[in-house]
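Written out below as structure tokens is the structure these notes cover.
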Amino acid sequence: MGHVVLSSRGRLARNLAGMPFLSRCSPEQLSGIAERLRRTLGKVGLPGETFYVDVEAADLLDRQLLVERHLISRQHADAEGPRGVAVAGGEAVAVMVNEEDHLRIQVLRAGLQLDSCYAELRRLDELLEGYLTFAFSSRFGYLTACPTNVGTGLRLSVMLHLPALKMTGEIEKALRAARDMHLAVRGLHGEGTEPTGDLFQVSNQVTLGKSEAQIISEFRDQIVPGIIEYERRAREALLKNRRVALQDRISRAGAVLRSARLISSEETMFLLSQLRLGLSLELVDGIGLETINELSLMVQPAHLQRLTGREMSPPERGEARAELVRKRLSAGGEAGGGNGGR
Amino acid sequence: MTYKCDKCGKEATVHLTEIVQGEKHERHLCEDCAAAEGLTIKTQVPISQILEELVLQSAAGGELARLRCDVCGMTFLEFRQQGLLGCPNDYKAFEKVLVPLLERAHEGASFHTGKIPANADEDERTQAQLLRLRSQLTEAVEHEDYERAANLRDRIKELEGS
């Protein structure tokens, strides 16, 4: 009964030594930093193909697209001034320039892979240190604009799929326990977003006074398994006590997705979450996990508009989204989708 | 209507009505005392609130108001309002008030024990000096004092190269 942890992420916050933090930079300093970091990121040899997006110059839809792909934060998309993101390694690496700190290095992995995330982060950090000097104090560690990130600057997070806890009403209890362990719980797109599709992002809060290895091992060995265990128990209880009701719910989710003519992204995410649960409990067949993952991304507003190649109003999106989902699900998860039915 | 905490006299945010042997008892507790009794679970405190409390706690609010970083010019009150520091030197300038804040945000810790940069021997004084020179440079440019600006640029280059 896997598939509780959808993805793992690690990020390091870094600032250039001898420079003010962003809120105190002059406009010239801001563009100077953006330009310097863009050049550095271009030559340090990030893994795979690297591309840099000038977020200030990018249009609204492209910025939204980056948010939906978890390559930049919503704050970075909405901010003003010279800023950007370097994306590399098939989107597994994203380095935000001039977000809250001069640099935010992020590594993303599928499933539960915190060690591998940090190993790559550390490698990138050391790579960058060959070109840049970061603000550091022996007492407080890596210095960050917000004191909640100071020290290691390391934030780990996992994206969790917790539909059973939501259904059994135990989610609040589980999340409260998580918060009590000094964790932050957020929605799909991080800070300030509401959970959609039963997806919750859980991350560590303490960055100072513990080594990176300690932060990782606590998060990996105590915190994450605890929440997974809660969810597994809730799933088992549902299977045991409410199997037919559960099966009914999952089948109805599939039926709505296969027949809706207008659908919002929230509803789609909610129903896809049920299908994902069904798949993991082997109550659904004929749909692959890849189809669910792909749809979860493609039904987001910016992706949908990119796919259809035009800007659309929310009702138009609802129609296009319903059509996309119908095609993909009736095609049995095969690419292309054909003309909407077999 | 606001109540004072039965235990410590701070503003009460937890209100309990208990029925003991048929008699009604009302109790009012602040967040800390309620958490100490195990009645509530203290959640992660947002930084804005930590800052708020720090300022309130300090009877000599005036002392805090006067705290100012001489490198970037940020005052502690400005930091309190926006929650973001102005430059690395603020950690030194505000150290006295930042340490309790850090301890609250980081489970009691205020000393770094993690990774140290490979080039950490480029000492912290050079970093502070660079910061200072850059802020003087911005000022000189603002005042159109180009001769001074050119001098400052040279010194920055020199330090960066060292």
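Just so you know, these numbers use all the heavy atoms, side chains as well, and skip hydrogens, waters and symmetry mates. To find a chain, count down the sequence lines: A is the first, B the second, and so on, and within it residues start at 1.
Heavy atoms closer than 4.5 Å to chain B are found in the side chain of A:S26, but not in its backbone. For B:E78, the part lying near chain A is the side chain, with the backbone staying farther off; criterion is any non-hydrogen pair under 4.5 Å. Proximity to chain B (any heavy atom under 4.5 Å) is restricted, for A:F134, to the backbone atoms N, CA, C and O. Using a 4.5 Å cut-off between heavy atoms, B:E142 does not touch chain A at all. With a 4.5 angstrom heavy-atom cutoff, B:T138 touches chain A only via side-chain atoms. Neither the backbone nor the side chain of B:V141 has a heavy atom closer than 4.5 Å to any heavy atom of chain A. With a 4.5 angstrom heavy-atom cutoff, A:L132 touches chain B only via backbone atoms.
Ranked by heavy-atom pairs under 4.5 Å with chain A, the list B:G114, B:P88, B:S135, B:C72 is led by B:P88. Interface summary for chain B: among A:N15, A:V150, A:L16, A:L22, the most heavy-atom pairs under 4.5 angstrom belong to A:V150. The choice from A:A145, A:C25, A:G151 that makes the most heavy-atom pairs within less than 4.5 Å of chain B is A:A145. Contacts with chain B were tallied for A:G153, A:G130, A:A17; A:A17 has the most, counting heavy-atom pairs under 4.5 Å. Chain B forms more heavy-atom pairs under 4.5 Å with one residue of A:L154, A:T144, A:I215 than with any other, namely A:T144. For the set A:E28, A:R122, A:E126, the count of heavy-atom pairs under 4.5 angstrom toward chain B peaks at A:R122.
A:F21 and B:Y91 have perpendicular rings, their planes meeting at more than 60° on a 0 to 90° scale where under 30° would count as parallel.
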Problem - Worked check of side-chain contact (heavy atoms from CB on, under 4.5 Å) between A:Q29 and B:L137 - result: CA-CA 11 Å; A:Q29 282 175 325; B:L137 172 63; over 6 Å; no
Practice task
List the steps and the verdict of side-chain contact (heavy atoms from CB on, under 4.5 Å) for B:K115 and A:D125.
Solution key: CA-CA 11 Å; B:K115 174 180 177 281; A:D125 189 30; 2.7 Å; yes
Handout entry: Derivation of the side-chain contact (heavy atoms from CB on, under 4.5 Å) call for A:F140 and B:L102
Key = CA-CA 10 Å; A:F140 298 117; B:L102 290 171; 3.5 Å; yes
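The backbone N or O of B:L85 lies less than 3.5 Å from no partner atom in the side chain of A:R24, so there is not a single donor-acceptor pair. One N or O on the side chain of B:R134 and one on the backbone of A:G18 form a donor-acceptor pair closer than 3.5 Å. Within the 3.5 Å criterion, the main-chain N or O of A:T207 finds a donor-acceptor partner in the side chain of B:H106.
Taken from OG1 in B:T113 to CG in A:L208, the straight-line distance is 7.5 Å, to the nearest 0.5 Å. The line from OG of A:S137 to NZ of B:K92 is 7.5 Å long, rounded to the nearest 0.5 Å.
A 4.5 Å side-chain heavy-atom check between B:M74 and A:P20 finds every atom pair outside the cut-off.
Taking all atoms of both residues into account, the shortest heavy-atom contact from A:V206 to B:A105 is CG2-O, 4.0 Å. Between B:P117 and A:E129 the shortest heavy-atom distance is CB-OE2, 3.3 Å. Minimum heavy-atom separation, B:A109 to A:G209: CB-CA, 3.6 Å. When all heavy atoms of B:G83 and A:P147 are compared, the pair lying nearest together is O-CD, 4.0 Å.
Within 6.0 Å of CZ in A:R123 there are more than 12 heavy atoms belonging to other residues, nucleotides or ligands.
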